[in-house]
Amino acid sequence: MVRTCEVALPLPLRTTFTYRVPEALDEPMVTGARVVVPFRNRAILGVVLKRGECANGASLKNVTELLDRVPTLSSSLVELGRWISNYYLSSIGETLRAMLPPAVELQFDREWQISDAGRARLQELRSLAVPSEVESADRTLLQLLETRGGVVSDGILRNIKGNLAATSRLLRRKELVVRGAGRHRAVRMQKMIAWRDQAVPAQSDPVEHRVHRVLAESAGTVALGSLLKAAAVSRAVVQRLVKEGKLVVSEEPLVPEQAPFAIDLIPPVNPLNAEQTHVVEAIEGWLRARTFHPALLYGVTGSGKTEVYIRAVEATLALGRAAIILVPEIALTIWISNICRARFGSTVAVLHSGLSDQERAREWWRVRRQEVRVVVGTRSAVFAPLEGIGLIVIDEEQESSYKQEEAPRYHGRDVALMRAKLEGAVALLGSATPSLESYQRAREGKYELLYLRSRVENRPMAAVQIADLREDFRRTHKTTPISQDLREAIARELAAGRQSIVLINRRGYSWFVLCRSCGATILCENCSIALTYHKKRERLTCHYCGFARRVATACPKCNSEHIYFVGAGAEQVEEHLRTLFPQARIARLDRDAVRNKRAFAEVLSAFAAGNMDILVGTQMVAKGHDFHGVTLVGVASADAQLGFPDFRAAERTFQLLTQVAGRAGRGSLPGQVIVESHHPEHYAIQTAASQDYVSFFEKELHFRRLMHYPPFVALSSVLVRGAKLEKAIHWSRQIEAFFESQKISEIKILGPAAAPLSRLKGEYRFHFLLKSSRRAALNKIVNKCLAFCSEKGIPDRAILIDVDPVNLL
Ligand SMILES: [Zn+2]
Ligand SMILES: [Zn+2]
């Protein structure tokens, strides 16, 4: 019998792999531990799913290295990973990789090795009196390898000019061999100690007892140094216990301590109003029950949801349990984690993609060691390796950024609900504009519904006025990005020394470039998308693939010089405001103006401190920041999103308008909001103006029912893509035939149709949209479809499955 283990590898494959555990590895392979294994000339990091045995393991490859004695992923996280993989039809290996910390201690590289044939060839080449250019290139390369002991890393080889051709030549002739290697980086490691699960401490030995108590209390692994101190024992004691099999030793990267966290924030003590008190008491009751409890906190903007979250976390900690707060974007992570650190000190960790690998690894391992009891982060923080979770907060649950748009395509909110279920925890979804799905579930009684109907200190909601842009044009005979009403309002605020925010939800200077002679718009070379004009960078760029070209002076199709820049983006609105109000202090907040978190924080704090008069920007300005001096919010072109070919266009417009309107009048001064629109009668704009969520919900729900969209049906999309148009069409036809052969009455299948983005990053795209009121049926057919595709030899990467898609482009 040979020992084996089943390993999940981070590849877009729906299978797992079996490897042999070499004799020399005497540690047991535990579920959730990381291993390095060989795979097609590469070394890759996988996760052990289970161990096994097999009678004839001769054909199996060996595990190269076991990285963890104590599993990196706990068994409950592995279980969550399996659920995600089943629900979203994603590869289990890619799913688990998304849950792992950055492997800062490892570096994966390729190594090139000279073969016997290579050595023979080198002899031959050396004897040549007048080698050709090719021969001398080969000789140089082989010589380099030989002088370095026969093996060099990819990095060294890549640095030598003209080597690519020679390398592939030699590889073809088998004079070179390539293989993958996982090299340990020069990272300092620290020894971590844990008590072995089944081991029983000797009753008679007080020293051993102390060690056991310290480890039991910490619930995770403890650094050797800390253990020696806390248990007041010597190294020899630990060594003895390791020998006796009572302690498990593992290693972890020792990452430098973070720079002390800048807390210039004095924790505000906000007394709760009656509504908040009621909500917090309800949550406390559920926490004490220690069972899964999903709830939706619907609170109008400015109603003090954050304070409720903090109190709920406080109650969770008091019960000895841990909490995760998920927020939709990095900027909010910084804001909420500052509040949390001010309240809860160093037991707070932050996890988001804006951190460096080193920073993220450090935070992750602090959580894994259970030094942390509160985790604040974006989407992937739902995988934080906390134990004993009592509460998961999902702030702004309606945000589409919770959906991961690359494999594994999970929805952070829905995964959070599942995790809370597995952990017997409270899942608290919060929003001023709940998603249709969540609010409907709450109305059906599937979620508990909590309300915060009034703003803190009973501040009134801002008065909203709609500026009809058609009317504005009739009056002024001009199309400017700022209507007359908005201009006058800003002027009034400036004169009174108060602050304004102007939202324009388009980046760049002009939305697109149009030829007036032939009517063509200038498109991206790789995507079926109009290029956006960026004036300062003097470029036309694609916001989907990053393609950029020089600003055209003539139409690329008909060569006419009558080209026309259409639509005002944030860059142009800022420029326009500077011309209108030359004395005003104006800052812009969007991804082009603010490229890193420091610049972002600088703009925000300058504005919050009152050193700016006007803040212009994309939806970045709409989110949760508490500016007390803002009395006016203007929305330039509220319709920007309404025309999108997506059934959620109205919902997104309503959400954005409501949120940005909520920025006005947060201090003691009342607020005013001006919304510019060409479609002032549209219900999304009307209900946002009256800040009437429930009316919007009813109207939108009616539309969804009529059109068979969520929450009435479950959706899955199957996207077929290929660099060659004929292939993409051929595959789509095959899949179409497959779906037809299935004839399932309870599933409605639309397509194949050209996707709204029919070309993206150089690939042609067709899609199917599957609808059903029974999710299980939907899942089954998509699974069958995937099996069909691999049977027909349609490449894995050509098929993209999106379960509960958020973005249908
Ligand atoms: Zn033209
Ligand atoms: Zn593009």
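By convention here, the first residue in the shown sequence is residue 1. Start at 1 and go down the list; that is how both ligands and their atoms are numbered. Only heavy atoms go into these numbers, but all of them, side chains included; no hydrogens, no water, no symmetry mates.
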### Message
For S380 and L351: C-alpha separation, side-chain torsions, deciding distance, then whether side chain to side chain contact (heavy atoms under 4.5 Å, CB included) applies.
### Response
CA-CA 8 Å; S380 63; L351 287 170; 5.7 Å; no

### Task
Measure across E405 and R409 and return the closest heavy-atom pair with its distance rounded to 0.1 Å.
O-NH2, 3.2 Å

## Note on the structure
At a cut-off of 2.8 Å, protein N/O/S around the Zn ion (ligand 1) gives C515 SG, C518 SG, C555 SG, C558 SG

### Full working for side chain to side chain contact (heavy atoms under 4.5 Å, CB included) between R413 and V415
CA-CA 5 Å; R413 174 195 60 208; V415 171; over 6 Å; no

### Task
Please report the closest heavy-atom contact between G412 and R379, naming both atoms and the distance.
CA-CG, 4.3 Å

### Query
With a 4.5 Å limit on heavy-atom distance, are the side chains of V803 and L89 in contact?
yes

## Note on the structure
Within less than 2.8 Å of the Zn ion (ligand 2), the count of protein N, O or S atoms comes to 4

### Message
Restricting to non-hydrogen atoms, name the atom on T532 and the atom on R507 that form the minimum distance, rounded to 0.1 Å.
### Response
CG2-O, 3.6 Å

### Sub-6.0 Å ring centroid separation between Y88 and Y410
no

#### Entry: Ring centroid separation F739 to F768 under 6.0 Å
yes

### Task
Could you tell me which non-hydrogen atom of R652 sits nearest to which non-hydrogen atom of V806, and how far apart they are?
NH2-O, 2.7 Å

